[in-house]
Structures are given as C-alpha cells and as structure tokens.
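These values consider heavy atoms only, across backbone and side chains, with no hydrogens, waters or symmetry-generated copies. Because the structure is predicted, anything quoted here is derived from the model rather than measured. Residue numbers begin at 1 in each chain, while the letters A, B, ... track the order of the sequences.
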Protein chains: 2
Amino acid sequence: MATRTRRAERREEPLSRERIVEAAIGILDTAGEGGLTFRVLAERLATGPGAIYWHVSGKDELLGAATEGVVAGIVLGGACASATPQEAIRALGLRLFDAIDAHPWIGNQLSRSPGQSPMLRVFEHLGRQVRALGVPRAAQFTAASALLNYILGVAGQNAANAHGQESERNRTEFLDTVSAAWANLDPDEYAFTRDAAEQLRDHDDRVEFLAGIDLILAGIAASASD
Amino acid sequence: MATRTRRAERREEPLSRERIVEAAIGILDTAGEGGLTFRVLAERLATGPGAIYWHVSGKDELLGAATEGVVAGIVLGGACASATPQEAIRALGLRLFDAIDAHPWIGNQLSRSPGQSPMLRVFEHLGRQVRALGVPRAAQFTAASALLNYILGVAGQNAANAHGQESERNRTEFLDTVSAAWANLDPDEYAFTRDAAEQLRDHDDRVEFLAGIDLILAGIAASASD
DNA sequence: ACCTGAACACCGTTCAAGT
DNA sequence: ACCTGAACACCGTTCAAGT
C-alpha cells in the first residue's frame with residue numbers, strides 16, 4: 001500500500017530479470033519469505049506466472065538473485081582504505097547486520113548454496129582483512145571461516161526472530177517476553193539461562209553482535225602470537 | 001528400505017506422538033527436508049493425513065519435535081564432569097557437529113524459533129562451561145552467545161552442503177569441485193578465495209570446526225585477562 | 001522472442017463422518 | 001477419544017497457444 005509510489009511503473013514496461021528480482025525483493029521485505037509466490041509476483045508485474053519463467057529458471061534462482069542483489073551492494077559499500085583491518089571487519093559485519101535487519105529473509109538465504117556468489121563476496125572481504133591483520137597463511141582460512149560462520153549464525157538467528165518487531169516498542173516487548181520466559185525455566189536444568197535472563201532485558205543486538213566479533217578478533221590475535 | 005528392521009511394527013500399534021515423531025525423523029534422514037510430507041508420513045504410519053493432526057498441531061510443531069528429539073540426547077550425552085571446560089565445550093560442539101552430519105535437516109531447524117527448547121539446551125550447556133572458565137559475569141552472555149552463534153553458523157552451512165556426500169568419495173569429489181571452481185574465480189576480485197582454494201582440497205571439516213571453537217575460546221581467555 | 005493463462009501434480013490443513 | 005479420507009485452498013511449474 002505505502003509502497004505504491006515506487007517509481008512510475010506506468011504499465012507496458014517490458015518484463016526483465018532485473019524488474020522481476022526488484023519486485024521479488026519488495027514482496028520479500030513486505031510479506032516475508034512465505035509471501036513470495038509466483039502468482040503474487042506475477043500480479044505485481046501485471047502478467048501471468050508463466051512469463052516469469054522466461055527470465056528466471058525457478059524459485060531457487062529467484063531467491064538467490066534477490067539475495068545477491070541486496071548483498072552485493074552491502075559488501076562493496078564501505079571500502080574506505082584508511083581503516084584498520086579490525087575496523088573494516090567490524091564495519092562489514094555491521095553493514096551485513098543492518099541489511100539483515102532490513103531484509104530478514106536474507107538471514108536464511110545466505111546460508112544456502114555456499115560457494116555461491118553472495119557468501120563468497122563476504123568471505124573474500126573477510127579474508128583480505130584477515131590477511132592484512134598479519135595472520136600466517138596457514139591460519140587465514142580458519143580465521144576467515146570462523147568470522148563468516150559467526151556472522152551467518154547471527155544472521156540466521158535474526159531472521160528467525162524477525163516477527164513483528166518493526167517498531168522499537170515491539171522489540172522491547174519481545175525481549176521482555178523472552179526474558180520473562182527464561183526467568184521461569186527450571187532452576188536446576190537452566191541455571192545459567194535464568195541468570196542470563198536479567199542481562200537480556202536491556203540488551204542491544206548490535207552491540208552484542210560486535211562484542212562477538214571482537215571476541216573472535218581477540219582470539220585471532222592471541223593465536224597469532226604463539 | 002534398509003530401515004525396515006526398525007522394531008517389530010506389526011500393524012495395529014496405536015498411533016502416538018512418539019511414533020509420529022520417530023517416523024518423521026526417519027523420513028527426514030532418508031528423504032531430506034523436502035521429502036517430509038503429511039501424505040508420505042501417513043502412508044508410512046498406515047493411516048490418513050488427518051490422523052496425524054490429532055497428535056500434532058501442524059508441520060512446524062512436527063519439525064520442532066523432531067529436532068528436539070535428536071538434540072536432547074546429544075546435549076545430555078557426554079556430561080563427564082572430569083573434563084576441563086574447554087574440553088567440554090569442544091566435546092559438545094563435536095557431538096552437535098556429528099549429529100548434524102547424520103541429520104542434516106537439523107542444521108536449518110536449529111536456528112528457527114530461538115528461545116525454544118533445543119537451542120536453549122545448547123546455550124545452557126555452553127553457558128555453564130563459560131562460567132566454569134572463570135569468565136566475569138558481565139561477559140558470560142557474550143561468550144556463550146558467540147560460541148552458540150558460531151556453532152549455528154557451521155550447522156547451517158553443513159545442512160546446505162548436504163547433498164549426496166554420504167560416502168567419503170562424494171565428499172572428496174565435492175571438495176575438489178568447489179576447490180576447482182574457486183581457483184577459476186576472477187584473480188582481482190577474489191584474490192584471497194583463490195588462494196584459499198588450495199588449502200580446501202585436503203580439508204577436514206571437523207578439524208576446521210574445532211579450530212574455530214578454539215579461536216573463540218582463545219578470544220574469551222584473552223578478553224578475560226584485561 | 002516473448003508473453004498468456006489454463007492445467008498438472010502436488011502441498012498443508014480441515015472436517016464431516018465413522019468407530 | 002481417536003481415526004478416516006475426501007475436499008479446500010493453495011503451491012511451483014509446464015506448455016500449448018497466442019503476438
């Protein structure tokens with residue numbers, strides 16, 4: 001509804017892979033992963049479902065292209081050469097984190113089909129910074145992988161959490177609910193989690209995410225000086 | 001086929017939540033996430049699709065119960081109190097890693113619905129070891145989360161990779177294919193990844209996974225001594 | 001070359017009807 | 001209380017037919 005003022009989109013504009021992917025991203029952002037359907041997509045593009053198959057081989061490729069479309073811009077976005085490697089890694093992480101916040105479906109999609117374009121871009125970028133960190137060659141792969149896997153884990157988590165927390169209000173409510181649920185767990189079986197419930201209430205996901213990155217960076221630094 | 005010698009399973013055995021979940025796990029292991037259907041499941045249980053809904057609210061709950069069923073045993077499995085916290089964390093990680101190797105669908109399922117039972121068990125276990133490590137209280141949540149997110153990232157990755165690598169042969173072929181593909185990437189855009197392709201060929205996922213865990217543990221230790 | 005839209009083979013889920 | 005299985009409202013995908 002609010003997204004009607006998108007471009008001009010008169011009609012008659014010819015179908016193209018680009019337009020299809022763009023429309024798919026719009027639907028994914030609005031209606032979530034389950035909302036993207038060839039029928040809805042076709043309606044949005046004022047055509048029939050079959051037409052889409054002329055430009056795209058199927059739903060998997062469509063989801064891949066949508067992910068690629070969003071991630072490509074993110075990774076290249078902030079290549080300011082002046083930062084330290086640590087800062088560059090944190091910056092890339094944050095950009096990805098924010099992108100997943102804006103497009104939660106990416107969180108699930110990123111993990112699929114590894115060795116594929118979007119994830120490879122992230123891996124490459126992380127690897128370069130790891131190398132710049134002075135990590136010995138034999139340890140570079142492990143370090144870059146650890147960072148990537150951590151980021152993918154958080155991404156999946158954020159995608160799963162994305163329900164109706166568009167507003168800060170819902171977000172706080174959500175944290176309160178989880179925190180309360182955790183505090184009611186069995187004291188013997190879940191001693192640690194119950195304790196953690198307190199810290200959860202005033203908890204900033206972004207800060208927590210960065211703290212995890214820093215932990216891995218500290219581990220990389222510590223392992224290098226052996 | 002090979003799983004026919006499962007129990008006795010004469011017939012007439014009454015339907016139960018337990019039997020349904022068990023059958024679902026069997027189908028998931030054999031046919032993958034896409035192979036689990038209420039119709040196949042009903043056929044396997046010699047009943048109609050509707051009968052399943054009497055014991056289980058829907059597909060989401062079924063998948064959750066299947067995940068819970070597999071993970072619960074894993075986490076509790078090796079609670080030998082004699083090990084150091086580091087060893088306990090590595091052991092839990094390895095058990096999860098192997099479980100995901102055996103039931104790849106868990107990798108995707110674990111991330112869903114956080115604050116839910118299976119993931120919470122893992123988090124609790126990790127948290128206790130982190131505490132035993134002597135990490136100050138304010139840093140415990142971050143440390144346990146980092147470990148969990150890393151594990152979830154690897155889990156998702158393994159789930160995505162699980163195609164037809166049951167045998168070692170296929171696994172090696174797969175690594176060779178990826179390695180070859182990476183070596184053909186654009187030298188400018190993917191300098192690091194191309195270089196990493198070499199190391200990938202004789203690469204042990206389990207070893208690599210543990211190396212990542214150790215990196216985070218090193219980071220936790222380094223951060224503690226500030 | 002590109003689009004249309006009916007049709008196919010599926011889904012998850014429901015529900016009247018049975019026992 | 002528990003099971004049956006036809007039926008509903010969807011899917012992704014195909015394909016003859018159009019332009």
Task: Interatomic distance where CD belongs to A/E43 and P belongs to D/dC11 [whole Å] - done: 11 Å
- [ ] State plainly whether the residues B/R206 and B/D101 are in salt-bridge range, i.e. N to O under 4.0 Å.
- [x] no
Task: ring-ring contact (aromatic ring centres under 6.0 Å, His included) involving B/F38 - partner list, sequence neighbours excluded - done: B/Y53
- [ ] Could you tell me whether the side chain of B/L120 reaches within less than 4.5 Å of the side chain of A/W182, counting heavy atoms only?
- [x] yes
Task: Test of ring centre spacing under 6.0 Å for A/F192 and B/F141 - done: no
Open item on the list: I'd like to know if the side chain of B/E124 reaches the main chain of A/A191, judged simply by a donor and an acceptor atom lying under 3.5 Å from each other, with no hydrogens or angles considered.
Closed with: yes
TODO: In whole angstrom, give the distance that lies between atom CZ of B/R39 and atom P of D/dA7.
DONE: 13 Å
- [ ] Would you check if A/I213 and A/F209 make a side-chain contact, meaning some heavy-atom pair closer than 4.5 Å?
- [x] yes
Task: Atom pair distance, as rounded to whole Å: NE2 in B/H55 and P in D/dA1 - done: 13 Å
- [ ] Can you tell me the distance, in whole Å, between the NZ atom of B/K59 and the C1' atom of D/dC11?
- [x] 12 Å
TODO: Check every strand shown and say whether A/L36 touches a base, only sugar-phosphate, or nothing at a heavy-atom separation below 4.0 Å.
DONE: sugar-phosphate
TODO: Give a yes or no on whether a salt bridge exists between A/R39 and A/E43, defined as a side-chain N under 4.0 angstrom from a carboxylate O.
DONE: no
- [ ] Ignoring the backbone of A/T37, work out which of D/dC11, D/dC3, C/dC3 is nearest its side chain.
- [x] D/dC11
TODO: Could you state the atom-to-atom distance from CG of B/L41 to P of C/dG12 in whole Å?
DONE: 10 Å
TODO: Check the side chains of A/T142 and B/E208 for a donor-acceptor pair under 3.5 angstrom, ignoring hydrogens and angles.
DONE: yes
Open item on the list: What is the distance, to the nearest angstrom, from the CG atom on A/L15 to the P atom on C/dG5?
Closed with: 13 Å
Open item on the list: Under 3.5 Å for both pairing distances: what stems, at least three Watson-Crick or G-U pairs long, include DNA chain C?
Closed with: C:4-8 with D:12-16, C:12-16 with D:4-8
- [ ] Would you give a per-nucleotide map of nucleotides 14-19 of chain C, 5' to 3', where B means the base has a protein non-hydrogen atom under 4.0 Å away, S means only the sugar-phosphate does, and - means neither?
- [x] BB----
- [ ] State which of D/dT13, C/dC3, C/dG12 makes the closest approach to the side chain of B/F38.
- [x] C/dG12
Task: d(CD1, A/I20; P, C/dC2) in whole Å - done: 12 Å
- [ ] Grab the CD1-C1' distance between B/I52 and C/dC11 for me, whole Å please.
- [x] 13 Å
Task: Nucleotide nearest A/W54 (side chain, heavy atoms from C-beta), chosen from C/dC2, D/dC11, C/dG12 - done: C/dC2
Task: Under 3.5 Å: donor-acceptor pair, side chain of A/S179, backbone of A/A197 - done: yes
